[in-house]
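Notes for the one structure printed next.
Ligands are counted one by one from 1 in listed order, and the atoms in each one are counted from 1 as well.
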Amino acid sequence: MDIVFIVNPTAGNGAALRKWHKFSEAADFPYEYFLTHSAGHAFRLVGKLAERRRKTLVIGFGGDGTMREIAAAAAGAELLYIASVPAGSGNDFARSFSCFSGAQQISRLLACPAGVLTDIGQVGVRPEQLFASSSGLGFDAAVAHAVNHSRMKPWLNKLGLGNLAYLIFVVTTLFAFKKFNLTVESDGALYHYEDVWLATVSNQPYFGGGMKISPRSSAHDGQLELTVVHRLPRLKLLAVFGTVFSGSHTKFPEVKQFRGRHFTLAVDRPVPRHLDGDGAGMADSQGKLEFRVSAKQWQQAKL
Ligand SMILES: Nc1ncnc2c1ncn2[C@@H]1O[C@H](COP(=O)(O)OP(=O)(O)OP(=O)(O)O)[C@@H](O)[C@H]1O
């Protein structure tokens with residue numbers, strides 16, 4: 001089996017590159033590695049690896065954005081086995097999917113390679129956007145946008161306080177965010193919600209750096225879960241956020257959850273969107289967003 005490392009040198013504000021240097025010193029097997037140059041590069045690299053038609057273990061050094069690109073490009077490529085070394089800020093991918101903590105683990109996998117087919121979520125149809133963990137719109141996307149563009153984030157990451165950056169922007173965005181109206185189509189029925197904070201579609205339980213937004217989600221059940229948070233006064237939203245880490249926010253009546261293979265969401269005004277925590281532009285009142293489980297699966301390396 002070939003081994004290829006894909007390292008995003010900017011992930012975790014440089015932590016990925018430092019981790020890679022340390023990790024590679026301990027690697028006593030042959031491998032190739034690539035440093036990504038820009039957004040989209042990991043996707044293109046993995047696409048090229050798929051064309052080689054050789055059994056390959058692809059290990060991403062980065063966070064959720066890097067791993068989304070890798071998993072998306074590996075969807076449908078049956079000879080690629082994917083794992084990560086978590087090296088981003090949030091690392092929700094590594095909370096649910098295979099990750100290595102050291103080079104010795106890789107040697108053990110090589111002795112007996114195996115994979116697990118894993119679902120990936122899809123937004124839109126042509127061109128579709130794929131997400132490994134979650135994609136949504138509203139408050140969470142506005143927070144992700146604010147965190148990713150903040151000058152404070154690199155400093156807090158350096159101090160190992162990346163989650164604090166997220167919490168700071170939860171509070172500041174709380175006062176600036178304009179709620180919206182949402183129509184959900186699920187299983188042929190329509191549901192209307194007013195004063196919506198967020199609607200997030202999940203393929204695995206975690207988002208936002210360890211928040212268990214969708215406790216029942218599994219990337220092995222052919223289903224997605226939609227979480228809608230609406231009609232919550234600002235300060236109560238903070239209280240609900242406090243319970244998301246344990247997953248107990250679902251007991252609040254203002255938190256609705258749906259399960260299905262397919263959801264359509266429509267909003268009444270421009271609302272920011274995210275794909276695995278990276279900004280994905282705006283949803284607007286002109287078009288509907290379709291979320292579904294992709295027909296293609298990607299293969300996690302089985303540790
Ligand atoms: N050389 C590069 N320069 C700038 N951006 C890059 C480069 N290589 C990859 N990227 C982009 O950086 C984005 C952010 O990376 P990633 O999500 O892995 O790290 P993070 O934001 O630190 O972690 P997390 O998403 O877990 O919080 C990815 O979406 C990827 O497309």
Side-chain angles (χ1 to χ4, degrees), residues 4-21 23 33-49 58-74 82-100 120-121 123 129-136 140-170 173 200 202-213 244-245 272-281:
V4 177
F5 293 98
I6 294 186
V7 183
N8 174 354
T10 67
N13 198 41
L17 196 57
R18 291 192 292 279
K19 262 195 173 176
W20 162 245
H21 287 312
F23 197 97
Y33 79 97
F34 298 92
L35 299 182
T36 59
H37 301 312
S38 59
H41 191 195
F43 183 87
R44 293 191 296 278
L45 286 169
V46 176
K48 291 250 181 318
L49 295 176
V58 182
I59 303 169
F61 268 71
D64 297 320
T66 307
M67 294 316 302
R68 169 175 47 82
E69 290 188 25
I70 292 174
I82 307 300
S84 74
V85 172
S89 314
N91 298 322
D92 288 319
F93 183 95
R95 285 174 223 276
S96 289
F97 304 125
S98 302
C99 66
F100 293 112
I120 194 160
V123 194
Q129 298 173 320
L130 299 177
F131 58 94
S133 297
S134 69
S135 176
D140 54 339
V143 173
H145 181 89
V147 172
N148 291 337
H149 291 85
S150 102
R151 290 206 209 123
M152 198 194 305
K153 181 185 171 189
W155 292 103
L156 290 171
N157 273 344
K158 268 190 192 133
L159 297 170
L161 298 172
N163 281 348
L164 184 61
Y166 199 87
L167 281 179
I168 289 169
F169 282 101
V170 164
T173 309
T200 288
S202 299
N203 186 38
Q204 59 108 321
Y206 296 97
F207 90 150
M211 295 188 191
K212 211 172 187 178
I213 179 87
V244 176
F245 290 93
R273 292 176 51 214
H274 77 89
L275 276 173
D276 285 332
D278 281 345

Answer whether the closest heavy-atom distance between the side chains of Arg95 and Pro86 falls below 4.5 Å.
no
Does the side chain of Ile213 reach to within under 4.5 Å of the side chain of Ser202, using non-hydrogen atoms?
yes
Say whether Gly65, considering both its backbone and side-chain N or O atoms, lies within less than 3.5 Å of an N or O atom on ligand 1.
yes
Quick check on Gly277 - does any of its heavy atoms sit under 4.0 Å from an atom of ligand 1?
no
Within reach of ligand 1, part of Ala16 (heavy-atom separation under 4.0 Å)
neither
Closest non-hydrogen atom pair between Glu69 and Phe43, with its separation
OE1-N, 3.1 Å
Taking N or O atoms only and a 3.5 Å limit, does His37 qualify as a polar contact for ligand 1?
yes
Any donor-acceptor pair under 3.5 Å from Gln204 side chain to Ser96 backbone
no
Test of proximity, Gly88 against ligand 1: N or O pairs below 3.5 Å:
no
Do the side-chain N and O atoms of Ser133 and Asp92 include a donor-acceptor pair separated by under 3.5 angstrom?
no
Side chains of Leu17 and Leu35 in contact at under 4.5 Å (non-hydrogen atoms):
yes
Ignoring hydrogens and angles, tell me if any N or O in the side chain of Asn91 forms a donor-acceptor pair with the backbone of Gly88 under 3.5 Å.
yes
The option among Asn8, Thr10, Val7 carrying the non-hydrogen atom nearest to atom 3 (N) of ligand 1 is Thr10
Short list, please: which atoms of ligand 1 are under 4.0 Å from a heavy atom of Asp278?
28 (C), 29 (O)
Contact atoms of ligand 1, heavy-atom distance to Glu69 under 4.0 Å:
30 (C), 31 (O)
Heavy atom under 4.0 Å from ligand 1: found in Asp64's side chain, backbone, both, or neither?
both
I want to know whether Phe23 and Phe61 have ring centres closer than 6.0 Å.
yes
Which of the ligand 1 atoms, numbered from 1, are nearer than 4.0 Å to a heavy atom of Ala11:
18 (O), 19 (O), 22 (O)
With heavy atoms only and a cut-off of under 4.0 Å, state how Thr66 meets ligand 1: side chain, backbone, both or neither.
both
So for ligand 1, is Gly90 a polar contact partner (N or O within less than 3.5 Å, distance only)?
yes
Given Thr36, Leu35, Leu17, identify the one with the heavy atom nearest to atom 8 (N) of ligand 1.
Thr36
Should Gly62 be counted as touching ligand 1, given the test is an N or O pair under 3.5 Å?
no
Is a donor on one side and an acceptor on the other found under 3.5 Å between the side chain of Asp276 and the backbone of Phe131?
no
Within less than 4.0 angstrom of ligand 1, does His41 place any heavy atom?
no
Can you see which heavy atom on Pro272 is nearest to which on Ala141, and at what distance?
O-CB, 3.3 Å
